[in-house]
Amino acid sequence: MWAVLKKEIKSYFLSPIGYVFIGLFLAMCSLFFYLDVLNYGSLQFENMFYSAATILTFITPILTMRMFAEERKVGTEQLLYTSPRSITSIVFGKFFAALFVVLIAELFTLIYLAILFLFGTPHVQTALVTILGFFLLSMAYVSFGMFASSITENQIIAGVVTIGFFIITWFLPNFSTVFQPLSLITMFDKFPLGLIAIEEIVSFVSFTVLFVLLTIIVLQRKKSVK
Amino acid sequence: MIEVKNVTKKYGSFTAVDNISFNIEEGEIVGLLGPNGAGKSTTMNMITGFLEPDEGEIIIDGNSILKKPKKAKKQIGYMPEGVPLYNDLTVKEFINYMADLKMVQRNEKKENVQKVMEQTNLIEVQNKLIRNLSRGYKQRVSMAGALVGNPKILILDEPTVGLDPKQITEIRSLIKSLGKEHTVILSSHILSEISQICKKVIIINKGKIIAIDTPENLEEKVKDENAVTLTVEDKDNKIEEVTKQIKGIKELKLIKDNEDGTKDYVIISEEKIDIRKEIFEKYAKAHITIFELKKRETTLEDAFMKLIENKDEEGNK
């Protein structure tokens with residue numbers, strides 16, 4: 001796993017992808033920090049994360065769409081899958097590399113929290129719970145993006161499928177509350193209230209496990225293509 | 001070293017590889033030969049564990065590639081068709097990554113990477129990005145990726161495609177020298193290449209093995225046939241009629257219709273009859289002008305074409 005993880009993280013920062021993702025995310029966050037927090041003279045750092053979650057929905061594919069699609073298109077998957085490494089370790093390597101980039105972006109948001117300390121004492125616990133929730137959300141997002149990338153050799157399709165899935169599940173609860181557990185972004189909503197919502201944490205984690213497993217299964221099946 | 005037992009692979013209703021079996025001994029350089037789409041790459045992809053066969057078994061150095069993939073894959077260095085590489089890495093980074101993937105021990109890694117770069121002549125470009133390299137260099141980087149970790153078996157899928165003649169000679173001599181320490185399988189549709197490098201040839205067509213033999217023996221197989229190639233101008237289209245009158249003719253085949261109105265033919269006759277004199281005289285009488293008349297040397301190419309044609313005919317019967 002470490003070999004793939006190391007190389008993938010390096011690749012994110014050798015190409016513009018890592019910088020574009022982090023840069024775009026932080027640029028948008030700065031805007032939300034101004035609009036949702038400073039504008040109201042508020043100390044509630046967590047308020048900007050509702051908008052940040054929306055942005056994450058749209059920029060996650062920047063990181064995930066190439067993960068397996070590009071390997072397949074260029075043919076480098078042959079190097080990966082003929083090496084003694086198992087598919088499971090390759091999938092985990094790539095998954096954690098993408099997650100690492102998201103984590104870096106999220107840690108940068110602590111700067112905004114630090115800025116708030118100039119004006120008063122924001123509620124640190126709530127802020128940390130929000131960041132935890134946001135990390136869980138991005139973990140689920142990355143797992144689905146990775147899955148979408150494993151089913152096609154076209155990065156654009158992988159990206160569109162990812163965003164499409166997120167948007168559909170976002171609005172499905174409007175039709176019926178039956179779909180409530182599918183909507184990742186509404187699951188996140190409890191965290192900025194300062195709640196460590198067990199039900200939501202379990203949902204995020206099981207969603208992630210499901211799509212990591214599905215990715216492994218898809219790639220295993222590729223070996224016995226009919 | 002490599003045992004392929006009754007292996008079949010289908011893509012939908014298309015059978016890419018049809019019940020093939022062969023053995024490769026340690027230290028052999030074996031050529032996998034066949035026209036495009038014959039099943040060479042599919043076979044190699046199954047040996048390397050990239051694809052799973054639908055039926056049959058492949059054993060690498062005592063380990064089944066399906067049941068003990070880790071042990072089996074450690075013995076193999078693979079250079080896939082079309083040399084896929086990570087373009088955003090430098091040469092050295094790429095080879096290091098391949099060493100990591102192949103679980104090369106940390107204390108041996110540096111030395112090993114240095115060694116393969118020397119073998120493949122990449123020292124000068126080691127810090128260049130792969131995307132900026134020429135095709136010839138990319139081929140060598142891919143070869144270095146296969147070599148790192150010192151695997152017992154090297155599998156090279158069309159290693160000389162897309163290279164200029166000088167690079168081809170370089171890669172060939174490299175493969176030859178590698179054959180001293182490794183078991184090598186290489187695929188190609190270029191026959192001269194195989195006969196230069198390999199001691200054993202496996203000919204595949206339409207997913208089936210047609211022949212396994214040494215290049216010399218294969219050439220020998222078709223040597224007893226006499227063939228003459230000729231270029232003629234035949235305004236009255238009498239060539240077939242006239243040729244039939246010559247004794248010992250087996251076949252007259254049109255090869256090419258040239259733009260200047262001439263046609264290229266091959267005439268195959270029975271063994272040990274020289275028909276050139278008779279052709280010359282008879283054609284002259286029939287006002288067929290001969291521009292060129294040549295006795296054909298038998299090559300591996302003939303053996304190959306003949307074997308493939310024979311199998312096709314058998315299949316049609």
Side-chain angles (χ1 to χ4, degrees), chain A residues 1-21 62-63 65-94 96-97 101 150 153 155 216-226, chain B residues 9-14 16 41-42 44-54 63 65-66 68-90 93-94 96-104 106 109 129-131 142 145-146 148-149 151 155 157:
Chain A
M1 186 186 98
W2 292 108
V4 179
L5 178 71
K6 216 170 79 187
K7 185 257 163 192
E8 286 295 312
I9 291 177
K10 208 163 158 190
S11 281
Y12 277 124
F13 294 103
L14 282 173
S15 67
I17 296 168
Y19 301 103
V20 168
F21 176 83
I62 296 177
L63 289 182
M65 62 191 214
R66 56 176 274 286
M67 286 172 113
F68 289 100
E70 193 182 56
E71 298 259 9
R72 183 172 307 156
K73 183 146 206 170
V74 182
T76 43
E77 58 169 6
Q78 297 197 36
L79 301 174
L80 272 184
Y81 306 144
T82 59
S83 79
R85 304 279 173 183
S86 67
I87 287 186
T88 311
S89 72
I90 294 166
V91 169
F92 275 108
K94 285 192 173 249
F96 286 122
V101 179
S150 74
E153 63 166 43
Q155 294 192 35
I216 295 171
I217 291 168
V218 165
L219 296 174
Q220 293 275 19
R221 293 263 318 160
K222 280 272 144 57
K223 282 178 136 191
S224 46
V225 274
K226 294 274 177 179
Chain B
K9 179 79 195 173
K10 287 177 185 162
Y11 298 117
S13 60
F14 173 71
S41 291
T42 305
M44 290 187 147
N45 277 331
M46 286 191 288
I47 296 175
T48 54
F50 182 69
L51 288 175
E52 274 174 19
D54 295 336
N63 300 303
I65 192 89
L66 289 177
K68 290 181 182 166
K70 203 167 161 179
K71 272 191 179 171
K73 284 175 178 175
K74 269 190 177 175
Q75 312 292 341
I76 299 175
Y78 182 34
M79 174 177 168
E81 195 181 3
V83 290
L85 297 166
Y86 294 98
N87 283 322
D88 49 2
L89 299 183
T90 66
E93 281 169 342
F94 174 76
N96 267 314
Y97 180 45
M98 291 312 291
D100 287 340
L101 280 181
K102 288 178 174 181
M103 304 174 171
V104 176
R106 189 169 291 198
K109 195 172 117 183
L129 280 179
I130 292 177
R131 77 167 82 244
S142 183
V148 79
I155 298 183
D157 199 349

Heavy-atom contact with chain B under 4.5 Å, split by part of A:K10
side chain

Does B:M103 form a side-chain contact (heavy atoms from CB on, under 4.5 Å) with A:R85? I'd like the steps, not just the answer.
CA-CA 8 Å; B:M103 304 174 171; A:R85 304 279 173 183; 3.5 Å; yes

Pairwise side-chain contact, B:N96 with A:K7, heavy-atom cut-off 4.5 Å (strictly under)
no

Using a strict cut-off of less than 4.0 Å between a Lys/Arg side-chain nitrogen and an Asp/Glu carboxylate oxygen, indicate whether B:D100 and A:K6 qualify as a salt bridge.
yes

Just how far is it from atom NZ of B:K102 to atom OG1 of A:T82, taken to the nearest 0.5 Å?
7.5 Å

Could you check whether atom CZ of A:F92 has more than 12 heavy atoms from other residues, nucleotides or ligands sitting under 6.0 Å from it?
no

Approximate separation, where rounding is to 0.5 Å, of B:K74 NZ and A:S83 OG:
11.0 Å

Can A:E71 and B:Y86 be counted as having a side-chain donor-acceptor contact under 3.5 angstrom?
yes

I'd like to check A:Q78 versus B:E81 (side-chain heavy atoms, cut-off strictly below 4.5 Å). Are they in contact?
no

Take atom NZ of B:K71 as the centre, draw a 6.0 Å sphere, and report whether it contains more than 12 heavy atoms from other residues, nucleotides or ligands.
no

So for B:M46, is it side chain, backbone, both, or neither that comes closer than 4.5 Å to the heavy atoms of chain A?
neither

When only pairs under 4.5 Å are counted, which of B:L51, B:L101, B:N45, B:I65 shares the most heavy-atom pairs with chain A?
B:L101

Cut-off 4.5 Å, heavy atoms of chain A, and the answer for B:P69 is neither

For B:Y97, which atoms come within 4.5 Å of any heavy atom of chain A: side chain, backbone, both, or neither?
side chain

With chain B as the partner, which of A:L80, A:L14, A:T76, A:V74 has the greatest number of non-hydrogen pairs under 4.5 Å?
A:T76

Any chance you could measure A:R221, atom CZ, to B:E52, atom CD, to the nearest 0.5 Å?
9.5 Å

For the atom pair OG (A:S15) and CG (B:D88), what is the distance rounded to the nearest 0.5 Å?
6.0 Å

